[in-house]
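Counting starts at 1 for both ligands and their atoms, following the listed order. Numbering of residues begins at 1 and proceeds along the displayed sequence. Here the structure is a predicted model, which is why all the values come from computation and not from measurement.
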Amino acid sequence: MVYRRRSTEQRYVKYRKMMKQQAAPGCNFCQFSPEDKQVRVAHEHFLVTDNLFPYEIWDSHEVADHIMVVPRRHVEGIYQLNKTERAELMDVIAEYEEQGYSVYARAPENKQKSVAHQHTHLIKTHGKPKNMLFTSVKPYILWSK
Ligand SMILES: [Zn+2]
């Protein structure tokens, strides 16, 4: 069994600090620019970015890659996108799904959603199963190899 509380906890502290800074002047996701290092692809209405705090486990498997599709304009839900933006979002996520990425977006009211700005997670796993023994409130997760 591997107990990785410390590294996850350190990452969580960094994450909360970033979220706190974000709350002050505005939305960090609105600040993304196509020139940013973490931006992989710039589409007309969306940016595909690295997730700075990638999940380690998804669907009980090790995460190989965790990126996000972020609308360039501030919206909190997919329902606020216009038809052109919705069509582009579907094209983008379809492309990644074909490459083996799972697609996940939280509803605006979801209490686990840490950034109000709508974003869609694209998560690819290694296919190596991780048997979770116990889960609690983030970031305390125990699992075995
Ligand atoms: Zn925003």
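As for H117, its N/O/S atom nearest the Zn ion (ligand 1) is the one called ND1. When the Zn ion (ligand 1) is compared with the N/O/S atoms of H74, atom ND1 turns out nearest.
For H74, the ring pair (Phe, Tyr, Trp, His ring centres under 6.0 Å) partners are H117, not counting sequence neighbours.
Using cut-offs of 30° and 60° for the angle between ring planes, the H121 and H119 rings count as perpendicular.
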N/O donor-acceptor pairs under 3.5 Å from side chains in residues 46-53, not counting sequence neighbours:
unit_1: D50; atom_1: OD1; unit_2: R40; atom_2: NE; d: 2.5
unit_1: D50; atom_1: OD1; unit_2: R40; atom_2: NH2; d: 2.8
unit_1: N51; atom_1: OD1; unit_2: F53; atom_2: N; d: 2.8
unit_1: N51; atom_1: ND2; unit_2: H66; atom_2: NE2; d: 3.1

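Applying the side chain to side chain contact (heavy atoms under 4.5 Å, CB included) test between H45 and each of R86, R73, E85 identifies E85 as the sole match.
If you put the vertex on the Zn ion (ligand 1), SG of C30 and SG of C27 sit 120° apart, to the nearest 10°.
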